[in-house]
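Worksheet: the structure to be examined is printed underneath.
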Amino acid sequence: TNSSPINLGSRKGLSVSARMRPAMAEATSSLTYQKFVHFALEETRKHTHLNPSALQERFGNLSAMDGRTQLQVQSFESPKIRLLRSLSIEGSDGMQVLDFAIFPRAEFDLPIFCANFFTTSAINIVVLDLNPLHDVISQQDYKKKYYTHLIPLGLKYGELLPWGGRITAESMKFFSPIVIWTKFPASEHKHHLLYSAFVDYLKSWLELMDRASGETDVSRIMVNLEAQHKYLTWRAEKDPGHQVLRKIVGETHAKEIIKSFLFSGVDELGSRTFIDYFPEYKCDDGTVNQKRSMIGKSFESRPWDTRGEFIG
Ligand code: BLA
């Protein structure tokens, strides 16, 4: 079926010679992320009823300045999901982007499902994770609740899709022990491997969702709310995709997509500012430092050991 992890050796309809065709860019540009989105919606619908989000009407008809780049958005909500949203981009030059996330409602301390893939004919940049809502290093019970049973899954894909090297150090706080952070040259094999990882990570998240029961303690709901707002604030300000988005739709639309679609809730779920959460970015004149990172890039190799303990 669509949902079973695919056979990594060969695929229906593609002969060995097709896979080995020298025109790699041509061969790989057909490897879009549409199948990922399609699977995600079908699979999620097996677990919950997805209602279209009000954002769909506002962002459903995005168009690129060059008139050729294709943008597609999807957005839904459900009793446990505040927002499931997806932006995929297909450039005329073979660029493919997927930014797919699921944000739980504040009653749930569920992780945030996060799939970010940026692909050109030369390189793939990949983050796939169940981003922890709360700190998995200092809060061992949170880690046990959501990640300990998934460590073997993380190890499996961590080997197949090896650590992508030094990374913005601040990002690490938003990643879990099972994060897949990887970079690789365009490859059909890796594309299918990534699909398989996406399938397994999404299924794992959906199982966590099934089991989750809503918090009724108002103070704990507030803690979840603030954690999600901090996450949104980080990404709305520092996500590496902004530049690319600006080039495709222009500055004004890019800002709107980021604030009101991709990281919708950043203006509504809380009132603290980026500087409140991340004071180290404050310039002398009070503005936000435009650098992505104050610490710089670090973590040359995977900073979690095989038991999921942080060793960075
Ligand atoms: C690169 N994207 C990256 C990198 C990370 C992420 C870690 C490596 C560079 C770095 O160390 O910062 C992704 N960072 C994340 C995610 C979180 C985080 C998911 O902190 C979550 C907390 N990427 C996209 C989209 C585009 C995109 C939608 O998700 C384009 C529209 C582009 N990502 C993109 C590009 C790079 C990149 C072009 C390489 C350029 C760069 O490093 O600035």
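The model shown is predicted, which means the values in this text are computed figures rather than measured ones. Numbering of ligands and ligand atoms starts at 1, following listing order.
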Does either side chain, that of S86 or that of Y33, offer a donor lying less than 3.5 Å from an acceptor on the other one? no

One pair per line, please: each N/O atom of ligand 1 matched with every protein N/O atom under 3.5 Å away, atom names first, then the distance to 0.1 Å.
from     : atom 1 : to   : atom 2 : distance (Å)
ligand 1 : 11 (O) : T168 : N      : 2.7
ligand 1 : 11 (O) : T168 : OG1    : 3.0
ligand 1 : 11 (O) : K297 : NZ     : 3.3
ligand 1 : 12 (O) : T168 : OG1    : 2.5
ligand 1 : 12 (O) : R292 : NH1    : 2.6
ligand 1 : 20 (O) : S171 : OG     : 2.6
ligand 1 : 20 (O) : W234 : NE1    : 3.2
ligand 1 : 29 (O) : N116 : ND2    : 2.3
ligand 1 : 43 (O) : R292 : NH2    : 2.7

Can we call the ring centroids of H192 and F198 under 6.0 Å apart? no

Excluding sequence neighbours, so at least two apart, what forms side chain to side chain contact (heavy atoms under 4.5 Å, CB included) with S298? A169

What pairs with F278 under ring pair (Phe, Tyr, Trp, His ring centres under 6.0 Å), at least two apart in sequence or on another chain? W234, F274

So, the side chain of K190 versus the backbone of K183: is there a donor-acceptor pair under 3.5 Å, distance only? no

Quick one: side chains of residues 250-258, donor-acceptor pairs under 3.5 Å with protein atoms, not counting sequence neighbours, listed by atom name and distance.
from : atom 1 : to   : atom 2 : distance (Å)
E251 : OE2    : K255 : NZ     : 3.4
E256 : OE2    : R58  : NH2    : 3.4

